[in-house]
Peer 1: 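Dumping the structure here so I can ask a few things about it.
Letters go in sequence order (proteins before strands), and every chain restarts at 1.
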Number of protein chains: 2
Amino acid sequence: MQNSLLPTESDRGRNREDLREHNLSTVVGLLHRFGTLSRAQLTSSTGLNRTTISNLVAELKALGIVFESQSVGTTGVGRPSVMVSMSGDVVAFAVNTAFDATTVGVVNLLGQVLMKARRPNPANLSPVMAVQIANDLIIHLRAKLAPGTRIIGVGVAIPGQVKVAEGIVRFAPAFKWINAPFGPMLNKLSNLPVFIDNDASLGCLAERTMGSARKYKDIVYLFGGTGVGGGVVIDGKQLRGATGYASELGHVRISDSDVEDHSGLVGTLESAVRRDNLLKVLGLKAANEDELEAAILSTESQEARSEFHTQIDALGVGVANLVNIFNPQVVILSGFLASLFKFDQERLLAGFQMHSLVASQEEVVVIPGRLNANLLMIGASELPIQALIEAPSSISHMPLTKGRKKS
Amino acid sequence: MQNSLLPTESDRGRNREDLREHNLSTVVGLLHRFGTLSRAQLTSSTGLNRTTISNLVAELKALGIVFESQSVGTTGVGRPSVMVSMSGDVVAFAVNTAFDATTVGVVNLLGQVLMKARRPNPANLSPVMAVQIANDLIIHLRAKLAPGTRIIGVGVAIPGQVKVAEGIVRFAPAFKWINAPFGPMLNKLSNLPVFIDNDASLGCLAERTMGSARKYKDIVYLFGGTGVGGGVVIDGKQLRGATGYASELGHVRISDSDVEDHSGLVGTLESAVRRDNLLKVLGLKAANEDELEAAILSTESQEARSEFHTQIDALGVGVANLVNIFNPQVVILSGFLASLFKFDQERLLAGFQMHSLVASQEEVVVIPGRLNANLLMIGASELPIQALIEAPSSISHMPLTKGRKKS
DNA sequence: GTGAGTTTGTTGTTTGAATTGACAATTTAC
DNA sequence: GTAAATTGTCAATTCAAACAACAAACTCAC
């Protein structure tokens, strides 16, 4: 065999166990998206036999991932079907290490944020300190969990480029981190499986699971915060790239300008569409999302409105480029990009249409994101949840909180 | 159930038949990539049992997709393993409807082009005429096929945007076609399964299967012909987008210029990196690939070299953008883009590095394409071949050429 | 209220793809 | 020539999904 052409993981064959795991995975995935489904609905969605669904659900019940309940209300003729729901006793920790503060949340399998804790970050936050803070908050929340709660892992959202497979933060400009092994360190402290990814990519996952993009499977997502980040979902799967750095949509060069963005690249979308300029023309020192949006939508200043128009035009080019490249079903604008969108939707769409191919633009919708406060909590929790969905029986190795739950 | 959240195809469960088909598919896919493998190699690559591989190969042999032969030469200790190869009796037709001519080829499962036929296109080629010409050439070649040859379908490369699922050419600027149902028409005439896609996307597939990108599974491909087209492979799978228009990488706006490209978009990569300008500064009226490359590499004209530099700088920006977006393992430059790359590789790489993120650029290689003459023959044939790989047992429904083959 | 019709859950049986174990075949190494 | 190693083959086993038959629980028409 030519040793330069090695067979990859996808060349593996499948046996009966893989078949079973796949079907378990399919059921868990459906329940995660839909919350509660009847066994009859699972049967028709999966195309599997009644008996098989019955067995699969029984196994998931034994694993503690789902529970069954009687259907309430009328459902039509015939024997009412048993309802299957995600267990509330299975949770993931979500960590968002942002510039100003670290937030940790407890999220259940339905994407509900059960608890949250926040601690401000010190200046010059080092990776070690960041991991320590995250772990402290995890310990704090873990103590409050009901006895018998099963923890499937920790998902971490980082404002920077992440080597996903190894859990290494390759470069986080906000903290000036280079090659910080955040994942392995937090794993060692917390003794839990840790998954890390870029914050914007996780925002995209959140909108797909619980937000504006639930209906879609080909999604381009742009988030405007300090900088501009992005996420992409293709055929239901997150775009990660060879090493996990993909979907840096803010760093696409769209003009000849030599204005720098936060990573030092010139003429990029992030260099043209920027929150700091919005604050400046609005005369604001600082503002949260809602305050900024209110100011944008209410200002009468011509200077400010002119700046909005400039930024909207640049955003239109950025969106057009991404539509030409990805031909998505939907483009989600989040953060202050959603505010710009609301300020002058027509202008944005006109600019977008001017710069994208007719065919690609005709079936795409551009809409604002829906999630705000819990965006990154939900997004980060998706990482361990997706891992659970891919291999449901792995849950039997996960730790259980001390104490005994009433059965 | 919320009817706005319908379960999709990927929510289907799997049964034993799907399991079998998947394993057959895995074996065929390996053989397509590697040509010939021993049963022992198949066993270790797939992780399946010896007995299972034996059964799978026997079934594929019965389907006529593979054949077995004794291993030649020494292979080490132990009983020598039986070699398994792709059958030479199974072929696909490849159609390339280009501006000046239509080319049809016969390609076997190993990606070898067995025969080729070409006919110039008349001016103002209509879709009906194009289909007629393609079908004539198919009939011509079909008559020459050895008796007993099995035909799995037709793959068509079109210079334009294609609604892949429906086989409709949405827009082909070279022919001024709009919504031409090329696929259904050719299917009706030829009575064969027809698959259509954009030519650059198929060039990408070809380089992945038989060319420079064989080793990689995350690939960005740029082709410079009349215009600039692109193709993307993510984790071994072609990027198609929601309707099939994805990877229009030439139409990404990279500057403030208002120069139009062939689709009327301004400031795009295609508007800046253009063959016609190269020909002009070189004083050429027309040239094939090799002539153009020779002229580029040998000219002493300062005006020409200055134009090359301008185009290379634009190409550097384009490549940087794509690396930021996709984080691929490799970027393949094909057509005259490969010639520009060869003209001044350092300048291109320097420009690319200036405009891409450090992390994303550090593990990517930029290389020229390797396939030339048969690029689109191989690429187009990949469409029916991929369909066969996905569902190997479907071959039993495929037509056989008349006559009886010696068994 | 009753019975017909409909849909779902359950139980026991069947099916078939992959695996296992035992043994034969064929090579290399000494 | 014999031992060790690797591969092919056959019979038996395993087990996830499907199937068939029946029971359970509902709606609807009367």
Peer 1: OP1 or OP2 of D:dT9 versus the side-chain N and O atoms of B:S54: is any pair under 4.0 Å?
Peer 2: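 Answer is yes, contact under 4.0 Å.
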Peer 1: How do A:S38 and A:N15 order along DNA chain C: which one's closest nucleotide is nearer the 5' end?
Peer 2: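 Nearest-nucleotide comparison on DNA chain C picks A:S38.
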Peer 1: Assign B:N55 to base, sugar-phosphate, or nothing according to its heavy-atom contacts below 4.0 angstrom with the strands shown.
Peer 2: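 Here B:N55 touches no strand at all.
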Peer 1: With sequence neighbours left out, what residues match A:R150 under salt bridge (charged side-chain N to carboxylate O under 4.0 Å, His left out)?
Peer 2: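 With neighbours one apart ignored, the set is empty.
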Peer 1: Ignoring hydrogens and angles, write down the donor-acceptor pairs under 3.5 Å from the side chains of residues 388-395 of chain B, residues two or more places apart or on other chains.
Peer 2:
from, atom 1, to, atom 2, distance (Å)
B:S393, OG, B:E21, OE1, 2.6
B:S393, OG, B:E21, OE2, 2.8
B:S394, OG, B:A391, O, 2.6

Peer 1: Tell me the salt bridge (charged side-chain N to carboxylate O under 4.0 Å, His left out) pairs involving residues 49-63 of chain B, sequence neighbours left out?
Peer 2: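 For residues 49-63 of chain B, and leaving out neighbouring residues, the salt bridge (charged side-chain N to carboxylate O under 4.0 Å, His left out) pairs sorted by first residue read B:R20-B:E59, B:K61-B:E68.
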Peer 1: For A:S54, what residues pass the side chain to side chain contact (heavy atoms under 4.5 Å, CB included) criterion, not counting sequence neighbours?
Peer 2: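 With neighbours one apart ignored, the set is A:R39.
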Peer 1: Are A:R16 and D:dT14 close enough that a side-chain N or O sits under 4.0 Å from OP1 or OP2?
Peer 2: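 Looking at the OP1 and OP2 atoms of D:dT14, neither is under 4.0 Å from any side-chain N or O of A:R16.
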Peer 1: Suppose we screen for side-chain hydrogen bond (donor to acceptor under 3.5 Å, both in side chains). Which residues come up paired with B:N23, at least two apart in sequence or across chains?
Peer 2: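 B:N23: no side-chain hydrogen bond (donor to acceptor under 3.5 Å, both in side chains) contacts found.
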Peer 1: Who pairs with A:L110 by side chain to side chain contact (heavy atoms under 4.5 Å, CB included), at least two apart in sequence or on another chain?
Peer 2: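 Only A:M86, A:N108, A:Q112 meet the side chain to side chain contact (heavy atoms under 4.5 Å, CB included) criterion with A:L110.
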Peer 1: Check the distance between D:dA17's P and A:E21's CD and give it to me in whole angstrom.
Peer 2: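 Value for this atom pair: 11 Å.
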Peer 1: Go through the structure and list residues passing salt bridge (charged side-chain N to carboxylate O under 4.0 Å, His left out) with A:D235, not counting sequence neighbours.
Peer 2: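 With sequence neighbours excluded, A:D235 shows a salt bridge (charged side-chain N to carboxylate O under 4.0 Å, His left out) to A:K217, B:K237, given in chain and number order.
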Peer 1: Across nucleotides 21-30 of chain D, 5' to 3', mark each nucleotide with B, S or - according to how protein heavy atoms within less than 4.0 Å reach it.
Peer 2: B-BBBBS---
Peer 1: My understanding is that only residues two or more places apart in sequence, or in another chain, count here; which of them pass side chain to side chain contact (heavy atoms under 4.5 Å, CB included) with B:A40?
Peer 2: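 Scan of B:A40 (side chain to side chain contact (heavy atoms under 4.5 Å, CB included), adjacent residues dropped) gives B:S38, B:S81.
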Peer 1: Which residue in the set B:L56, B:L48, B:T52 passes side-chain contact (heavy atoms from CB on, under 4.5 Å) when paired with B:V27?
Peer 2: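 Only match with B:V27 under side-chain contact (heavy atoms from CB on, under 4.5 Å): B:L56.
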Peer 1: Which sits closer to the 5' end of DNA chain D, B:T43 or A:L56, going by the nucleotide each is nearest to?
Peer 2: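 Of the two residues, B:T43 wins.
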Peer 1: Whole Å only: how far is the NE2 atom of A:H22 from the C1' atom of D:dA17?
Peer 2: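 Result: 14 Å.
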Peer 1: Would you list the protein and nucleotides 10-13 of chain D atom pairs, both N or O, that sit under 3.5 Å from each other?
Peer 2:
from, atom 1, to, atom 2, distance (Å)
D:dC10, N4, B:T51, OG1, 3.4

Peer 1: State whether A:R33 and B:D11 are salt-bridged, where the test is any N-O pair (Lys NZ or Arg NE/NH1/NH2 against Asp/Glu carboxylate O) under 4.0 Å.
Peer 2: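 Answer for the salt bridge query: yes.
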Peer 1: Over how many whole Å does the gap from B:L37 atom CG to D:dT7 atom P extend?
Peer 2: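 To the nearest whole Å, that distance equals 13 Å.
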Peer 1: Could you pull out all residues at least two apart from A:T51 that satisfy side-chain hydrogen bond (donor to acceptor under 3.5 Å, both in side chains)?
Peer 2: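 With neighbours one apart ignored, the set is A:N49.
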Peer 1: With a strict under 4.0 Å distance from non-hydrogen atoms of chain A, what nucleotide opens and what nucleotide closes the contacted stretch of DNA chain C, reading 5' to 3'?
Peer 2: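 Contact span on the strand: C:dT6 to C:dT19.
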Peer 1: What is the distance, to the nearest angstrom, from the CZ atom on A:R14 to the P atom on D:dA17?
Peer 2: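 Taking CZ of A:R14 and P of D:dA17, I get 13 Å after rounding.
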